[in-house]
There are 2 protein chains.
Amino acid sequence: MPLEDVQPVSLLCGDCPIRHRAVCARCETDELDTLEQIKYYRRFEAGQTVIWSGDKMDFVASVVSGIATLTQTLEDGRTQMVGLLLPSDFVGRPGRASAAYNVTATTDILMCCFHKKPFEDMMIRTPHIAQRLLEMTLDELDAAREWMLLLGRKTAREKIASLLAIVARRDASNKLQLPQGRMIFDLPLTREAMADYLGLTLETVSRQISALKRDGVIELEGKRHVTVPDMDRLMNEAGEDSDGGFLV
Amino acid sequence: MPLEDVQPVSLLCGDCPIRHRAVCARCETDELDTLEQIKYYRRFEAGQTVIWSGDKMDFVASVVSGIATLTQTLEDGRTQMVGLLLPSDFVGRPGRASAAYNVTATTDILMCCFHKKPFEDMMIRTPHIAQRLLEMTLDELDAAREWMLLLGRKTAREKIASLLAIVARRDASNKLQLPQGRMIFDLPLTREAMADYLGLTLETVSRQISALKRDGVIELEGKRHVTVPDMDRLMNEAGEDSDGGFLV
DNA sequence: TGCACTCTTTGATTTGTGTCAAGGATCTGT
DNA sequence: ACAGATCCTTGACACAAATCAAAGAGTGCA
């Protein structure tokens, strides 16, 4: 595959966990050696908190495997998920000393971390890194804004349908398929995590999933294994035109 | 004032509308001539739509004066505001051909536009521009995520109090004041725009503003002129610790 | 001065979702 | 096989916010 056609799925294109490379299709610089020197791996078990909002954070990282969530909370415990970290996603903000969100592993997770200061130095030497990070951040911003429409204006049923559609699309793109027709996938989240994602309670999530099942929009095997007989139908329930490509 | 002390309030530090400069405190490159060649001004009246979601967008721009909103809509007309553009804010995404949101002027507005292609070329020649844009985008992402917490988990009363606190803080920082004690400012939005911001109906917005007035949290003169006797009280109503610095 | 228009307030009623509560399903380790 | 956990489902009820409806306030214009 020519470099032009490489889909840069992460900031650091390459084949982690073997090795990260600060080089992408448009960038000739190769900071592989630097990265090898400053990187280290960290493992977390499902349920563990990677970092608390406000804690000092002297690294940036990319997810190698597993799933983590970014959440914000109010003092009385109400919590809202504001981001979902999937393999290849980047976390941490160059130029900020402390974490702005709680980061929690929802499955066992392996993260590839880089000490922040040398990473920032490398960014300055390698301008394309900043451009790639900008692209990724703009994508995240778009996803956040799509999510705001969901939180502010969609009904509980539409919210659930939207979430299912997002997971289905993400799953399809991992398998290099198109999100259409009959689709089968696993939900990587508990009912409670879905509720925190959608600004609902876990009871409402459960009820709406049951309703979608009753109405034949989805089929369920166990609690997590979902079959969508007709993706278009699901998109319709989600209140989206069937193109929209929002994810995190 | 030495360059070091210039507060880079916009991507293009300097004194627009006289002239934009692609130079900031940390950046020695000066692309003034390039910018002068590719820039042009556009004026819109209150209520006019600057660009519709999906339209071809061959420019990027920064707001010189006035206020605009970014909104997303569902097919049946439900709309959610996803961003607020205030003077010095940047709009448009390098590397994308069409607009992702409706941009609507809520007051008369003057925008300084740059043709996109030459702007992108300049970004490549001037790496600090990309870094500055990255910083701004990360700030926007943080604001969007704070907003998600509001949309998903706050009550109507807390939402209104939060919005008032945001406007008060923004106003204070424009006047180089601290947001504390007694504060007086104007609301730049109609009740309907506030509703679209907060994921409420305009009736609920009106009722909650009346309630806050009745309870002495705010005083109102006319519909737009607000006095907050005690900023801490307002912050408390908003469900935030009094530090939190979220704005758009 | 009064009409037309937009924006806002307030009231009555409905409804979607939250809250509280009980019980079911699945899994683990003993 | 059983106890204990965790996660999930379902029901009854309460309540916050939406909806429907009407009227008030402010502004520009004839």
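All chains are named by letter (A, B, ...) in the order of the sequence lines, taking the proteins before the strands, and each is independently numbered beginning at 1. Computation of the quantities below employed the complete heavy-atom set of this structure, encompassing side-chain atoms and omitting hydrogens, waters and symmetry-equivalent molecules.
Taking atom NZ of A:Lys223 as the reference point, atom P of C:dG24 lies 14 Å away to the nearest angstrom. Atom P of nucleotide D:dG26 and atom CG of B:Leu220 are separated by 12 Å, given to the nearest angstrom. Residue A:Leu187 contributes atom CG, which lies 10 Å from atom P of D:dC8 at whole-angstrom precision. For the pair B:Met194 CE and C:dC7 P, the interatomic distance rounds to 12 Å; values are reported in whole Å. Atoms CD (B:Glu158) and C1' (D:dA17) sit 14 Å apart, rounded to a whole Å. One interatomic measurement links the two molecules: CG of A:Leu212 to P of D:dT10, which rounds to 13 Å at whole-angstrom precision. Atom P of nucleotide C:dG11 and atom CD of B:Gln208 are separated by 14 Å, given to the nearest angstrom. In this structure, A:Ile160 atom CD1 and D:dC8 atom P are separated by 12 Å, rounded to whole Å.
Residue-level contact check: B:Leu202 touches the bases, meaning some heavy atom is under 4.0 Å from a base atom. Within 4.0 Å of B:Arg153, counting heavy atoms only, lies no atom of the nucleic acid at all. Contacts of B:Thr201 with the nucleic acid, taken as non-hydrogen atoms under 4.0 Å apart, include base atoms. In this structure, B:Ser210 reaches the sugar-phosphate backbone alone: every heavy-atom distance under 4.0 Å involves primed, P, OP1 or OP2 atoms, never a base. A:Thr190 comes within contact range of the sugar-phosphate backbone alone, with a heavy-atom separation under 4.0 Å but no base atom that close. Backbone-only engagement by A:Gly199 is indicated by non-hydrogen atom pairs under 4.0 Å involving sugar-phosphate atoms exclusively.
Interface remark: the B:Arg207 side chain does form a donor-acceptor pair with the C:dG11 base, using a distance-only criterion of under 3.5 Å. With hydrogens and angles ignored, no donor-acceptor pair under 3.5 angstrom links the side chain of A:Arg191 to the base of D:dT10. In the interface, the side chain of B:Arg214 is not paired with the base of C:dT10 through any donor and acceptor atom under 3.5 Å apart. Side-chain to base pairing of B:Arg224 with D:dG26: no donor and acceptor N or O lie closer than 3.5 Å to each other. For A:Glu203 and C:dC20, a side-chain-to-base donor-acceptor distance below 3.5 Å is present, hydrogens and geometry of angles not being considered.
A:Arg42 forms a cation-pi arrangement with A:Phe59, by the criterion of a distance under 6.0 Å to the ring centre and an angle within 45° of the ring axis.
Counting only heavy atoms from C-beta outward, the side chains of A:Arg96 and B:Asp142 approach each other to under 4.5 Å.
When B:Arg182, B:Arg214, B:Lys213 are each tested for a salt bridge (Lys or Arg N to Asp or Glu O under 4.0 Å) with B:Glu219, only one passes: B:Arg182.
Nearest-nucleotide positions on DNA chain C place A:Leu200 closer to the 5' end than the other of A:Leu200 and A:Gly222.
Applying the 6.0 Å contact sphere to NZ of A:Lys56 captures no more than 12 heavy atoms from other residues, nucleotides or ligands. No more than 12 heavy-atom neighbours from other residues, nucleotides or ligands sit within 6.0 angstrom of CZ on A:Arg43.
For the pair A:Lys159 (side chain) and A:Leu198 (backbone), a donor-acceptor distance under 3.5 Å is present.
Listed pair B:Thr204 / D:dA17 fails the phosphate criterion, with no side-chain N or O lying under 4.0 Å from OP1 or OP2.
Here the nucleotide nearest the side chain of A:Ala156, chosen from C:dT17, D:dT10, D:dA17, is C:dT17.
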